[in-house]
Amino acid sequence: MLRAGFIGAGGRSQSAHYPAVDRLADVELAAVCELDETRLAQVTERYDFPHVYTDHRAMLAEVELDVVYCVMHEKWLLQPALDSLRAGKHIFIEKPPGKNSGETRQLLDAAVEHDVYAMVGYQRRYTSVVREAIRRVRTRGPVSLAVTTFNKKMLLDRPEYTTTLWNDVTHVVDLLRYMVGSEPVEVTRYRDKFDSVDWNHYTALVRFASGATGVVFGNRASGGRVLGAELHGVGIGCYMKLPEEIDIREDDQQTVLQGWEINGDDPEDTPRYEGALAMHEHFVESVRSRTVPISDLRDVIHTIRLVDWIETGHCPD
C-alpha cells in the first residue's frame, strides 16, 4: 500500500485528482495540506484524511509518505514541489511544471539528484482515443503528420500571470510531440493578439527529426472550447475529438469508435477513457515498479523546450 499526501485542494484537484487517486485500491490517502480553510475542510471531510496540515513542511517531516500530489497554480508550485523532492518523495504535478522553464529545470534536477520521479499531468497522453491512434498508425508507420487543436474564447482584458501557451496550450504542444515520437528540428510560429491585451492566438508548424510534420493550433480568440487531434501514417489517418471519439480512415475504409468503446469502458466513466484515471494508475505503477513514468520531467523537459521555441520564435539551445 502506497501512502499518499496531497498539497493543494483547488478546483482542478478536487474535480479530477482527488477522485481519481481515491479510486486506486492500493493507495492510502494519508495526509493533506491546504492553506484555505474552506477547501481543507471540504477534502478532509470527503476523503477522511487522518493527518491534516496547513504547513507542507510539517506534513513532510511528520508523516511517512511514498508519493505527494503537489497540484496548484504554477505561481505557488516551485517550493512545495522542491521540498517534496528533497524529502525523497515521488511527486505528481499538474501542467505547467512551474512558472517558467527555469523552474522546470530546477524540479528536474532535484528529481534526478534525489532519485525520485516528478510526473507531470499531461493527461492527453493517456486518453483512450490518442492511444488507439498511436497504436494503429505505428503499425502502418512512419508518422507523416500530426495536428493538434485547442481553441477557446479568452479575450483577455488583463495580462496573464504567465501566457496562455505556457499554462494551457502546452497540453497540445506536448500531445503533438508525444504522438510523433520525435524531437523538433525546425519551428515556424505566429503569435497574435485578437481583441486581447495578451497573446491569445498561437499557430506553429514543426518539423521533426523523424521527417514528420506537426501543426499546433491554439486559438483563444475563437468562439468556444474545441479540443482535437489528427495523426497520419502510411495509408491511415486518425481524426480525434478528445476524449469522445476517433474517426479512423484506413485504406479507404472508415471506422468510428467512441472513447469508451476502445477498452470496453462504462460510457459514464469519463475519467477512465479521458485519461485522468489511467494517468494516476500509471504513476502509481511506475513508483511500484521503479520505472520512469511516461510523462516524467525527464521526458517533459523536451516538451518545455518546444513550448519555449514556439513562445520566443527562437531555438532555446
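Nothing fancy with the numbering, it's 1 onward along the sequence.
- Looking at heavy atoms from C-beta onward, Asp247 lies in side-chain contact with Arg249 at the 4.5 angstrom threshold.
- In this structure, Met279 and Met119 have side chains that are in contact, with non-hydrogen atoms separated by less than 4.5 Å.
- Judged by distance alone, the side chain of Ser196 and the main-chain N or O of Lys193 form no donor-acceptor pair under 3.5 Å.
- Across all their heavy atoms, Arg140 and Gly235 have their closest contact at NH2-CA, 3.8 Å.
- Side-chain atoms of Thr127 come within 3.5 Å of backbone N or O of Glu274 as a donor-acceptor pair.
- Taking each heavy atom of Val129 and Lys241 in turn, the nearest pair found is CG2-O, 4.4 Å.
- Looking at heavy atoms from C-beta onward, Ile294 lies in side-chain contact with His282 at the 4.5 angstrom threshold.
- Between His73 and Tyr161, the distance separating the two ring centers is shorter than 6.0 angstrom.
- Proximity of a side-chain donor or acceptor of Asn100 to a complementary backbone N or O of Glu103 within less than 3.5 Å is detected.
- Although no hydrogens or angles enter the test, the distance criterion places a donor-acceptor pair under 3.5 Å between the side chain of Tyr117 and the main chain of Thr291.
- Considering only heavy atoms from C-beta on, Ile301 comes within 4.5 Å of Thr104 through its side chain.
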Using a 3.5 Å cut-off and no angle test, enumerate the donor-acceptor pairs between side-chain atoms of residues 210-234 and protein atoms at least two apart in sequence or in another chain.
| from | atom 1 | to | atom 2 | distance (Å) |
| --- | --- | --- | --- | --- |
| Ser210 | OG | Ala212 | N | 3.4 |
| Thr213 | OG1 | Arg207 | NH1 | 2.9 |
| Asn219 | OD1 | Ala221 | N | 2.8 |
| Arg220 | NH1 | Phe150 | O | 2.4 |
| Arg220 | NH2 | Asp168 | OD2 | 2.9 |
| Glu230 | OE1 | His232 | NE2 | 2.8 |

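- The two residues Ala4 and Tyr69 come nearest to each other via the heavy atoms CB-CE1, 3.7 Å.
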Without placing hydrogens or testing angles, list every side-chain donor-acceptor pair under 3.5 Å for residues 74-81, not counting sequence neighbours.
| from | atom 1 | to | atom 2 | distance (Å) |
| --- | --- | --- | --- | --- |
| Glu74 | OE2 | Thr162 | OG1 | 3.1 |
| Gln79 | NE2 | Asp83 | OD1 | 3.0 |

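- Side-chain atoms of Lys89 and Leu60, non-hydrogen and from C-beta on, do get closer than 4.5 Å to each other.
- Listed by chain and number, the hydrophobic cluster partners of Tyr273 are Trp260, where partners are ILVMFWY side chains within reach of under 4.5 Å, directly or through others.
- Counting non-hydrogen atoms of neighbouring residues, nucleotides and ligands closer than 6.0 angstrom, the CZ atom of Arg158 reaches no more than 12 such neighbours.
- The list of ring-ring contact (aromatic ring centres under 6.0 Å, His included) pairs with a residue in residues 11-44, not counting sequence neighbours, reads Phe6-Tyr18, His17-Phe92, His17-His280, Tyr18-Tyr47.
- Taking 4.5 Å as the limit, every side-chain heavy atom of Arg189 sits out of range of all side-chain heavy atoms of Thr203.
- Contact check for Ile93 versus Val71: no side-chain heavy atoms found under the 4.5 Å cut-off.
- Partners of Arg288 according to the salt bridge (charged side-chain N to carboxylate O under 4.0 Å, His left out) rule, which considers only residues two or more places apart in sequence or in another chain, are Asp26.
- A donor-acceptor contact shorter than 3.5 Å links the side chain of Asn200 to the backbone of Phe194.
- At distances below 3.5 Å, at least one donor-acceptor pair connects side-chain atoms of Glu34 with backbone N or O atoms of Ala9.
- Taking the side chain as every heavy atom from C-beta outward, Leu257 and Thr255 approach each other to under 4.5 Å.
- Between the Glu285 side chain and the Glu281 main chain, no donor and acceptor come within less than 3.5 Å of each other.
- In this structure, CG in Leu165 is found 5.0 Å from OH in Tyr202, a value given to the nearest 0.5 Å.
- Shown here are the salt bridge (charged side-chain N to carboxylate O under 4.0 Å, His left out) partners of Asp198, two or more places apart in sequence or in another chain: there are none.
- Considering every non-hydrogen atom in both Asn167 and Lys95, the closest pair reads O-NZ, 2.7 Å.
- Arg3 places a side-chain N or O within 3.5 Å of a backbone atom of Glu64 that can act as its donor or acceptor partner.
- In this structure, Arg23 pairs ionically with Asp269, as a charged nitrogen and a carboxylate oxygen lie closer than 4.0 Å.
- A salt bridge links Glu311 with Arg191: at least one charged nitrogen is closer than 4.0 Å to a carboxylate oxygen.
- Ion pair Arg125/Asp174 flagged as a salt bridge, since at least one NZ, NE, NH1 or NH2 atom sits closer than 4.0 Å to an Asp/Glu carboxylate oxygen.
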